[in-house]
A.B. asks: 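Pasting a structure here, questions to come.
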Amino acid sequence: MSSTAVSVPMPTIPRRRRSPEDIASAAPVEGPRKVLLAAPRGYCAGVDRAVIAVEKALEHYGPPVYVRKQIVHNLHVVSTLEEKGAIFVEETDEVPEGALVIFSAHGVSPAVVQSADERGLQTIDATCPLVTKVHREAVRFAKDDFDILLIGHEGHEEVEGTAGEAPEHIQIVNGPEDVDKVEVRDPNKVIWLSQTTLSVDETMLTVNLLKERFPTLQDPPSDDICYATSNRQAAIKKIAPQAELVIVVGSANSSNSVRLVEVALEYGAKASYRVDFANQVDESWFEGISTVGVTSGASVPEVLVREVLSLLADYGYADVEEVVTAEEDILFSLPKELRATLKEKGDVSRGLGGRGARPAR
């Protein structure tokens, strides 16, 4: 008997929205309506760096520029770059020999790099530096003959890239449910690493369970979950207890966006939904709701958040309070292959990826 994948569908988008008056009469709201807007939110430095890399490649090399996988996990970003001439492919063998291909922010395995070399492709590596750090840790500990427990979602591009650095030493641990399945050669020579976009709480639960089985399990030299993921989760943890509804802007394949919905619910929000665009917001969510929390994943441009806020204002949620839990000022240099071209062309417009502090209001 064949089986099919089951997923929870997004609420049906009304062909014609019910008016604010209809929503208010369906379930009156006690007290004033307001929005709690998370900060930090949206683009992180690694995402900004990767998107700029594609934009600059298109500008200086001309289209088409090929990109292996989605440069970042966001539908709007991908479609916008496609309109400019980027062509997204699944594997390097889809790229014409000798053409330019950019590796996505999620990283690639050495096998992908070798495949590109064999086809004579010009490459720009837009892997987030924080993902590259995890790759280097994997190589280092594999050389020292450790068993490496990689906590992450099997099949995710980042996990595939990291695991490909030392496949004979790495086991993927999807979460707490996988802990009992782990087998190692020497319990005294085991270290854990993680995907950079996981839930901080769930990751530490997995780590604690692993340490019950392997008391000498070593921690990575520095935190693998990236600052942006941690900061966005911390912000929504502060907002969730005060919000009856939390709207997360982000795509379905964005691990950190999906985690934000889970964190919101875990920390007290009565309801939480993920949307790519404002037109996916169902106005019935507002029935009886006085406080709405809003945030966005690390690969989401601010314009998409502004469109959600505009819709909320139409329904009486014009009072926006920004809840700031951290300041971000991290910048990453653009990929070295691209920096050389920019220097040659005299282009000094953007040499760094990162939007400065927090998203402008």
Side-chain angles (χ1 to χ4, degrees), residues 44-47 49 69 73 103-114 125-234 254-256 258-259 262-263 266 298 330 332:
C44 65
V47 163
R49 172 183 186 266
K69 307 290 187 181
H73 287 160
F103 298 143
S104 81
H106 306 103
V108 297
S109 69
V112 172
V113 176
Q114 181 179 347
D125 187 358
T127 302
C128 173
L130 299 180
V131 174
T132 299
K133 176 185 78 72
V134 181
H135 281 223
R136 289 173 178 164
E137 290 170 350
V139 171
R140 169 188 165 189
F141 288 102
K143 284 183 179 178
D144 290 337
D145 204 30
F146 274 76
D147 278 338
I148 301 168
L149 308 182
L150 177 59
I151 302 173
H153 299 132
E154 191 165 10
H156 189 281
E157 292 154 42
E158 181 186 329
V159 172
E160 289 180 347
T162 303
E165 293 285 359
E168 68 283 1
H169 286 84
I170 292 177
Q171 294 181 61
I172 299 172
V173 182
N174 283 281
E177 69 280 0
D178 277 1
V179 170
D180 290 340
K181 306 172 189 174
V182 173
E183 295 183 3
V184 300
R185 295 168 299 161
D186 181 355
N188 294 311
K189 206 167 185 181
V190 186
I191 188 167
W192 69 272
L193 303 177
S194 80
Q195 181 180 333
T196 62
T197 55
L198 299 180
S199 160
V200 176
D201 293 342
E202 183 175 345
T203 300
M204 294 318 299
L205 172 60
T206 303
V207 170
N208 291 335
L209 291 173
L210 286 169
K211 286 184 175 180
E212 289 179 9
R213 288 200 60 198
F214 311 108
T216 59
L217 177 71
Q218 293 191 31
D219 297 327
S222 60
D223 194 354
D224 283 348
I225 296 178
C226 85
Y227 77 95
T229 297
S230 300
N231 285 349
R232 280 146 191 73
Q233 290 178 18
S254 166
S255 178
N256 74 89
V258 173
R259 299 291 84 73
E262 297 170 353
V263 170
E266 182 180 351
I330 292 177
F332 292 136

A.B. asks: For a side-chain hydrogen bond (donor to acceptor under 3.5 Å, both in side chains) check, start with the C-alpha distance between Arg136 and Thr132, then their side-chain angles and the critical distance, and finish with the verdict.
C.D. replies: CA-CA 6 Å; Arg136 289 173 178 164; Thr132 299; over 6 Å; no
A.B. asks: Please list, chain by chain and in numerical order, all residues satisfying ring pair (Phe, Tyr, Trp, His ring centres under 6.0 Å) with Phe141, sequence neighbours excluded.
C.D. replies: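 Only Phe146 meet the ring pair (Phe, Tyr, Trp, His ring centres under 6.0 Å) criterion with Phe141.
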A.B. asks: My understanding is that only one of Ile148, Val159, Leu149 makes a side chain to side chain contact (heavy atoms under 4.5 Å, CB included) with Ile172; could you say which?
C.D. replies: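 Result for side chain to side chain contact (heavy atoms under 4.5 Å, CB included) with Ile172: Val159.
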A.B. asks: Using side-chain heavy atoms (C-beta onward) and a distance below 4.5 Å, is Val173 in contact with Trp192?
C.D. replies: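 The answer is no, as the side chains (C-beta and beyond) never meet within the 4.5 Å cut-off.
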A.B. asks: Is it the case that the side chain of Thr216 and the backbone of Pro187 share a donor-acceptor pair, with hydrogens and angles ignored and the cut-off at 3.5 Å?
C.D. replies: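 It does hold such a pair.
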A.B. asks: Just how far is it from atom OG of Ser222 to atom NZ of Lys133, taken to the nearest 0.5 Å?
C.D. replies: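 Here the rounded value is 3.0 Å.
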A.B. asks: With side-chain hydrogen bond (donor to acceptor under 3.5 Å, both in side chains) as the criterion, how do Asp201 and Ser199 come out once you've worked through the C-alpha distance, each side chain's angles and the decisive distance to 0.1 Å?
C.D. replies: CA-CA 5 Å; Asp201 293 342; Ser199 160; 5.2 Å; no
A.B. asks: If we ignore hydrogens and angles and just use 3.5 Å, is the side chain of Gln233 paired with the main-chain N or O of Asn256 as donor and acceptor?
C.D. replies: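 No, because the side chain of Gln233 does not come within donor-acceptor range (under 3.5 Å) of the backbone of Asn256.
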A.B. asks: Specify the closest pair of heavy atoms between Val131 and His106, including all atoms of both residues, with the distance to one decimal.
C.D. replies: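 Reported closest heavy-atom pair: CG1-O, 3.5 Å.
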A.B. asks: Which value, rounded to the nearest 0.5 Å, describes the distance between Arg49 atom CZ and Thr127 atom OG1?
C.D. replies: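 If I round to the nearest 0.5 Å, the distance is 7.5 Å.
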A.B. asks: Would you check if the side chain of Thr197 reaches a backbone N or O of Ser254 as a donor-acceptor pair within less than 3.5 Å?
C.D. replies: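 Such a contact is absent between Thr197 side chain and Ser254 backbone.
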A.B. asks: Does Lys189 use its side chain to pair, donor to acceptor, with the backbone of Asp144 at less than 3.5 Å?
C.D. replies: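 Side chain of Lys189 to backbone of Asp144, a donor-acceptor pair under 3.5 Å: yes, one is there.
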A.B. asks: Among Leu210, Asp178, Ile225, which residue satisfies the side chain to side chain contact (heavy atoms under 4.5 Å, CB included) criterion with Ile151?
C.D. replies: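 Of the listed residues Leu210, Asp178, Ile225, the side chain to side chain contact (heavy atoms under 4.5 Å, CB included) partner of Ile151 is Leu210.
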A.B. asks: In Å and rounded to the nearest 0.5 Å, what is the CG to OG distance from Asp223 to Ser194?
C.D. replies: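 Those atoms lie 7.0 Å apart.
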A.B. asks: Please lay out, stage by stage, how Arg213 and Asp180 fare under the test salt bridge (Lys or Arg N to Asp or Glu O under 4.0 Å).
C.D. replies: CA-CA 8 Å; Arg213 288 200 60 198; Asp180 290 340; 5.0 Å; no
A.B. asks: Answer yes or no: is there a side-chain heavy-atom contact under 4.5 Å between Glu202 and Glu266?
C.D. replies: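 No - every pair of side-chain heavy atoms lies 4.5 Å or more apart.
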A.B. asks: Step by step, would you call Arg232 with Arg259 a side chain to side chain contact (heavy atoms under 4.5 Å, CB included)?
C.D. replies: CA-CA 10 Å; Arg232 280 146 191 73; Arg259 299 291 84 73; over 6 Å; no
A.B. asks: What do the steps show when you test Arg185 against Asp145 for salt bridge (Lys or Arg N to Asp or Glu O under 4.0 Å), and what is the final call?
C.D. replies: CA-CA 10 Å; Arg185 295 168 299 161; Asp145 204 30; 3.2 Å; yes
A.B. asks: Measure the spacing between CG of Asp147 and CG of Asn188 and express it to the nearest 0.5 Å.
C.D. replies: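 So the CG of Asp147 and the CG of Asn188 are separated by 11.5 Å.
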A.B. asks: In this structure, are over 12 heavy atoms from other groups packed under 6.0 Å from Glu183 atom CD?
C.D. replies: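 No, CD of Glu183 has 12 or fewer neighbouring heavy atoms, counting only those of other groups under 6.0 Å.
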A.B. asks: Which atom names give the shortest non-hydrogen contact between Ala138 and Ala166, and what distance separates them?
C.D. replies: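 Between these two residues, the closest heavy atoms are O-CB, 4.3 Å.
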A.B. asks: Measure across His169 and Ala142 and return the closest heavy-atom pair with its distance rounded to 0.1 Å.
C.D. replies: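 Of all heavy-atom pairs spanning His169 and Ala142, the closest is NE2-O, 3.4 Å.
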A.B. asks: Minimum heavy-atom separation for Val47 to Ala298, with atom names?
C.D. replies: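 Heavy-atom minimum between the residues: CG2-O, 3.2 Å.
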A.B. asks: Applying side chain to side chain contact (heavy atoms under 4.5 Å, CB included) to Lys181 and Gln171, what does each step give before you reach the verdict?
C.D. replies: CA-CA 10 Å; Lys181 306 172 189 174; Gln171 294 181 61; over 6 Å; no
A.B. asks: Where do Glu137 and Arg140 land on the salt bridge (Lys or Arg N to Asp or Glu O under 4.0 Å) test, with the steps shown first?
C.D. replies: CA-CA 5 Å; Glu137 290 170 350; Arg140 169 188 165 189; over 6 Å; no
A.B. asks: If you measure from CD1 on Ile191 to CG on Leu150, what distance do you get to the nearest 0.5 Å?
C.D. replies: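 Nearest 0.5 Å value for the CD1-CG distance: 11.5 Å.
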A.B. asks: Nearest 0.5 Å please: distance from the CD1 atom of Ile330 over to the CG atom of Asn231.
C.D. replies: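 Reported to 0.5 Å precision, the distance equals 8.0 Å.
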A.B. asks: Whether the side chain of Gln195 engages the backbone of His153 through a donor-acceptor N/O pair (distance < 3.5 Å, no angle test) should be reported.
C.D. replies: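 Answer holds: yes.
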A.B. asks: Go through the steps to decide whether Val207 and Lys211 satisfy the test side chain to side chain contact (heavy atoms under 4.5 Å, CB included), and finish with yes or no.
C.D. replies: CA-CA 6 Å; Val207 170; Lys211 286 184 175 180; 3.8 Å; yes
A.B. asks: Are Val179 and Thr206 close enough, and set up right, to give a side chain to side chain contact (heavy atoms under 4.5 Å, CB included), and what steps lead you there?
C.D. replies: CA-CA 7 Å; Val179 170; Thr206 303; 4.1 Å; yes
